[in-house]
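Step one of this worksheet: look at the structure below.
Sequence positions, counted from 1, serve as the residue numbers for this chain.
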Amino acid sequence: MDAIVAFERAHAADHGRHQPAPGTEYDFSISDIGRAAVQLLGTPWHAESLPWGVSAHIGEEGKSGGGYLLAVDEDGGLYIADDARGGSRTELDGASAADGLPALAARVADIVTSLHTFLG
């Protein structure tokens, strides 16, 4: 136990390897954005967090299939994939965590409404 404590003290400064500390870089996850967007969309919408909170599926309650996947691409860009259009992606150009949860949720809700209205 003393060896563990000594190691932790020696590396407490972390020498810049983990700045910010793991798990604290962002105040919210992608699934949080999906859940907040659903609050704006209202009934009958719901969001399901996918593993690790790195994406969310937004859909209408009582409807099987279809919906929208909110996720991040390999370049770090936030996008919405439309299940009904073969996974066609709509990028949220310029979106970043610095925009804040309310602003990102509003953008997602607007895009989902637009896509959903387009499909009729």
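With a 4.5 Å cut-off on side-chain heavy atoms, Asp83 and His57 count as touching. The closest side-chain heavy-atom distance from Asp73 to Arg89 is below 4.5 Å.
The distance from atom CG of Leu78 to atom CG of Leu70, rounded to the nearest 0.5 Å, is 5.0 Å. Here OG1 of Thr90 is found 11.0 Å from CZ of Arg107. Values are rounded to the nearest 0.5 Å. The distance from atom CD1 of Ile111 to atom CG of Asp82, rounded to the nearest 0.5 Å, is 11.5 Å. Once rounded to the nearest 0.5 Å, the distance linking CD1 of Ile33 with CG of Leu104 reads 4.5 Å.
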List the atom pairs, donor and acceptor, that lie under 3.5 Å between side-chain atoms in residues 36-46 and the rest of the protein, sequence neighbours left out.
{"unit_1": "His46", "atom_1": "ND1", "unit_2": "Gly59", "atom_2": "O", "d": "3.1"}

Please tabulate, for side-chain N and O atoms in residues 91-103, each donor-acceptor pair with protein atoms closer than 3.5 Å (sequence neighbours left out).
{"unit_1": "Ser96", "atom_1": "OG", "unit_2": "Ala98", "atom_2": "N", "d": "3.3"}
{"unit_1": "Asp99", "atom_1": "OD2", "unit_2": "Ser96", "atom_2": "N", "d": "3.0"}

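Residues passing the side-chain hydrogen bond (donor to acceptor under 3.5 Å, both in side chains) test with Arg35, sequence neighbours excluded: Ser49. Residues satisfying the side-chain contact (heavy atoms from CB on, under 4.5 Å) test with Ala71, not counting sequence neighbours, are Ser55, Leu69, Tyr79. Residues passing the side-chain hydrogen bond (donor to acceptor under 3.5 Å, both in side chains) test with Asp110, sequence neighbours excluded: none. Judged as a side-chain contact (heavy atoms from CB on, under 4.5 Å), and not counting sequence neighbours, the contacts of Val54 are Trp52. For the side-chain contact (heavy atoms from CB on, under 4.5 Å) test, residues two or more places apart in sequence or in another chain that qualify with Ser88 are Arg85. Applying the salt bridge (Lys or Arg N to Asp or Glu O under 4.0 Å) criterion to Glu60, with sequence neighbours excluded, gives Lys63.
Residue Phe28 is not grouped with residue Leu50 when hydrophobic side chains (ILVMFWY) are merged at heavy-atom distances under 4.5 angstrom, including chains of intermediate members.
Here the closest heavy-atom approach between residue Gly87 and residue Ala81 is recorded as O-CB, 3.7 Å.
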